[in-house]
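These notes are about the structure you will find just below.
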Amino acid sequence: MREVKVVEKDKKNHFTGFVLKLLGNEKWQFLTIPIFLIALSFVVASVIILILGKNPLMAFFNLMQGAGIMPKPSYAGYKSILTDFLTLLNFMTPMIFASLAVAVALKGGLFNIGVSGQMLLGGYLATVLVGYSGLNAFVAKPLVLIIGILGGAMLGGVVGFLKHKFNINEVVSSIMFNYIIQYVLSFFIHTKYIDPVSRQSKYINSAARLTLVNVERFGLKMDLPLGFIMAIVLSIGIKLFLDKSRVGFEIKAVGANPKGARYAGINVGKTMITTMALSGAFAGIAGATYYLGYFASIQPRVLPSMGFDAIAVALLGNNNPYGILASSFIISIIEKGSTYMSSIAGVRQEIASVITGLILLFSATNVYIQHKIRTTKEKYKYNMGKELEE
Amino acid sequence: MSEYIVEMRNITKRFPGIVANDDITIQIKKGEIYALLGENGAGKSTLMSMLFGMYEPDEGEIWIRGEKVNIDSPNFATKLNIGMVHQHFKLVENYTIAENIILGIEPIKKYLGLFSHVDLKGATENIARLSRKYGLEVDPSKKIEDINVSMQQRVEILKMLYREAEILIFDEPTAVLTPQEIDFLLEIIEELKRGGKTIILITHKLEEIKRIAHRCAILRKGQLVDVLDVKNTATREMANLMVGREVSFKTEKKGACFQDVVLEVRNLSIKNNDDFDVVKDVSFKVHGGEVFAIAGVSGNGQVEIADAIAGLTDIFQGEVLLNGKDISNYSIRKRTVEGISYIPEDRQTYGLILDFSLAENLALKEYYKEPFNHNGLLNRNVINEYGEGLIHKYDIRSSQGIKTQVRQMSGGNQQKAIIGREIELKSSLMIFVQPTRGLDIGAIENIQRMIIEERDKGKAILLISLELDEIMNIADTIGVIYNGEIQKIASADALTTNEVGEFMMGVTA
Amino acid sequence: MDTLIIDGLSFALPLFIMSIGGIYSERSGITNLAIEGLQGFGAFFGALSVVLLSHFFNIPIQKLFYLALLLSMVGGMIFSLLHGLLSIKFKANQVISGVVINILAMAVTVFLTTQINNMVFGAMSDKFQIGTSQRFTIPLLSKIPILGAIFKNIYPFEIVIVFMAIFAYYVFYKTRFGLRLRACGDNPHSVDAAGVEVSKVQFKAVMISGALSGLGGISFAYSISTNFSPAIYMGYGYLAIAALIFGNWEILPTFGACLLFGFARAGGYYMGQLLKLPSTFSDLIMTLPYVLTLLLLIFFSKTNRAPRALGEIYDKGKR
């Protein structure tokens, strides 16, 4: 009897030791835990796909094919894995900006769930003011970005202001603004800018578009997302800003402990507004690259789901801009490859947002896992130590 | 039946990195007042937490009334008729006293024999009766947020009695009381003893033990040093056993040498969020080279005064002058620059940003100035060097030096970091609120010495403390506050502890 | 005038029952932004169950009305376990947990609705038709001038909600469980010291909020659209939160806030019809409750007092 117990205990210890070896190294946790969480999400998704009677591995392979990571068996004219991959980058560009928006706010202790609304507002203003104008490309493209930034930053700033001045929870006010903007802009699009055939806003002039479409090279027709370079640059930029600048220091201080920050002489209200405006600015660029890059028009009465997926991306990337580059790549593959997957494997496209949702769910336990690993490690060491003594 | 009602045999309790209790054995007789004496961190509270079922011992046994028991929860402890008054009261502020007392064992009645509901009326009557029996003077229909600390403590006592506790544990019960309230409490404790209850008193105050305890166990660094008969032991001997060396009861101090007025507070009034006057028409002056202490029971407006001077609370009326300049409308940062250092009461919430590194925290009030900040960019090298300097100068200990996350540091070292940072600001006024709270004797002596040093450098010191001993020990001038009003301002030499205590309770002589 | 009261009530009551759920959760100390997702998942679960039952057992779907209400509560409760697990067991940030659950609820219900429609009914649809709920009028009371409208054209769910609300009120303020629950939101340590398991009370409170949200969700499904579809995610869960904030986390004042929302919304549509505005203006009228919410928040947020321990991660060890 006693022996069995010992063996079981051994097994348990071995298992704990294994998990600790896998996830225990704190230096690598920023990488190991997210990978573990993604794996977990895919395991759950596999179970769902299996229940539906489909082969999950095939489905995931199709997902990769659709996203331009793996080659498809055949391509239409002017298309190849490269064009698919560029389309992925085109989609990923606004995703990076939207996720940075979420991350910046979280660093400052604020939860920006209004990224969707800020994207929509920035995108709408840029579309209306520049997209339909006859400005030439060299003026129009930067102007689109600037207007997108201003639109998003303004809305974010208002949310920050309401929080500071009236103590209104930023989540509740952002959601209200999301709906208000969605309906009000829908009203304007319907009354002024609607394309009666597509039931969307009219297409913008190509001079104002942030993605160069159907560029012919190497016998292919490619979409070149100009914003992608900027996404990389700004990811690095915001990382440096948060780590090195005075304002970044203040944002993080307010995020970590607003009372302590106030005691230290930091103007907490101003910092909060700055944080939300900065976050909104990123959302605004996301809106510009989404509506005037990836698309060229706006669907009325619809909030971009990307604004919510961005929360998953930011949590998965541990709020670190570099982490976000990696995690938005992964989420983009899931979202972008799903159409192809559904047509080939017959798994419904909607599973993509379920997988994203699962990743989000597991990411929310990130802090707990870190904590659990730390305490288990101490206990484990302690137990092992005691056994050695015996 | 055993001679002892409580026996804790060979108890050992470890926490990661520390042995909180090391093979401790204590035996307590029925009907005695048994004191546990020791410094902060000596392991008294841990030991009693195990008796009350909040922790379980790693090794050792607990015997109650001659039976071995395994107390795995406060619930079970209550079943064994053990009750505890915690140092931090566990009361629901927006509930009445009666609701607080019945919480967890609510008496139930039924409407129409069907819908059960809490019988608050019956409970209120029972509690009033119980209060009269032990002379506790508590009105059970009042809300907790409307009563003072002393009465809140009596509510905690009633809670135990309502649960028919026979073994009553008091964790540092006098820390928050005035001398007169302490007298009242000690009388209640003696009354409880006469009623046949067994009392365990956790404390680090020797006078109390001397006054009411029969026996006293002394703990030091997790170990039981000795168990003494209180009657036959001198106070000084107990003190030496507690600390493990000779202690001086008085901080060395030269006579004060007052210079110009640094801080002047004129007719200061402050309202809280409920529009209630918490500070009323307070005026005082603090000179360079003077320690001005505000004595008072917790929650009488003293912390609000400090916050108002530092700019954390809005002033309703009146003004604050620093070196003759009216700073009433200055921002927090501008006041810091003008010459205010502030060591706040709650060092973890206000004084530090726990998730930041030690270096960042040490530069928390100067990071935005040259050379720390150059054209909007922080110079990490400068910040780190500055941090290193302070760590050496103030002997701040941590596992990874400047890179240590402050959260991982001990309370004493956190406080050293704050005090070091604030001294380095070289302000003309230094405000200390409860600077030694929760620290062990060594750290307390050290901090009190630093305060005197700063005074001798010509700084004006405003000290706010709930520890009357501390105030009597280092203050040059004492202002006593009660209910938001200054009752008395006098030179420390002209006041006795008891006089101060009376003013603290609003007794105007 | 009659339509104003009738429509106003049929909107206010589901909102109110969701708010009560929110009050239960938040007064126990757990921030609950998940109401939006909980009501959606609850309604999905109820709708799915009755659609399947009526399909396989050939029962007219109208007859399953009360079962749909009950199962929606069960569904909401099941999904609320996630919020409980994340925010109580895993000690996740409660705001993040709430938002995560909303996103997940939407993804899962949309996926499952289309998938099940496809598999079971062979249809390409993201809706479950759950039939209309027969309205009724109480004979005598409805004759009272003006206020009689309260008793006209009532949805059966309104009666259910009124009774549930009264019962919830009684439990919250009068019973042992209610006393402990409210104490958890103010000072969980005191509850712990009184020998009551804080996390259990909180878990129950979150589950109750799930159940009540589910009831609110299915009621909206019946009153607004006679089907379950992704359109259920209209942000009413967030309105419910706004309502309980104006209501200062107390049940009766919150009822007032919900009535205000209900009448504002009904009034907006009424005005639209009265002024014969073109249909595109419905977009603008739709914004009324949200704009009103913002305005009210501006006036009330500062004076209101949230439960003292709201959103705090309760850790036994800490004092």
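When reading the values below, keep in mind they use all heavy atoms of this one structure, side chains included, and skip hydrogens, waters and symmetry mates. Source: prediction; values computed, not measured.
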If you round to the nearest 0.5 Å, how far is NZ of A:Lys252 from CD1 of B:Ile353? 10.5 Å
For B:Lys221, does the NZ atom have more than 12 heavy-atom neighbours from other residues, nucleotides or ligands under 6.0 Å away? no
Give me the atom names and distance for the closest heavy-atom approach of B:Leu364 to A:Ala264. CG-CB, 3.5 Å
Quick one: which of B:Ser331, B:Gly311, B:Gly351 has the most heavy-atom pairs under 4.5 Å with chain A, could you say? B:Gly351
Most heavy-atom pairs under 4.5 Å with chain A, out of B:Lys365, B:Arg335, B:Lys334, B:Glu360, belong to B:Lys365
Write down the atom of A:Asp243, the atom of B:Arg380, and the distance for their closest heavy-atom approach. O-NH2, 2.9 Å
Do you see a donor-acceptor pair shorter than 3.5 Å between the side chains of A:Glu250 and B:Tyr367? yes
For the student: nearest non-hydrogen atoms of B:Phe356 and A:Ala256, plus distance: CE1-CB, 4.1 Å
Any donor-acceptor N/O pair, B:Tyr342 side chain to A:Tyr263 backbone, under 3.5 Å: no
Chain A contact via B:Arg421 - side chain, backbone, both or neither, heavy atoms under 4.5 Å: side chain
Residues in residues 161-174 of chain A near chain B [non-hydrogen atoms, under 4.5 Å]: none
Would you call B:Thr349 and A:Lys259 a side-chain contact if the rule is heavy atoms closer than 4.5 Å? yes
Are B:Phe372 and A:Phe249, when compared by the centres of their aromatic rings, separated by less than 6.0 Å? no
Passes side-chain contact (heavy atoms from CB on, under 4.5 Å), A:Arg246 versus B:Leu377? Steps please. CA-CA 6 Å; A:Arg246 178 182 63 83; B:Leu377 288 179; over 6 Å; no
Residue set satisfying side-chain contact (heavy atoms from CB on, under 4.5 Å) with A:Leu316, at least two apart, ordered chain then number -> A:Pro34, A:Ile38, A:Ser327, A:Ile331, A:Ile359, A:Ser363
If I measure from the heavy atoms of chain B, does A:Ile266 come under 4.5 Å with its side chain, its backbone, both, or neither? both
Side-chain donor/acceptor of A:Asn257 to backbone N/O of B:Leu352, under 3.5 Å: yes
Segment of A:Asn267 engaging chain B (4.5 angstrom heavy-atom cut-off): neither
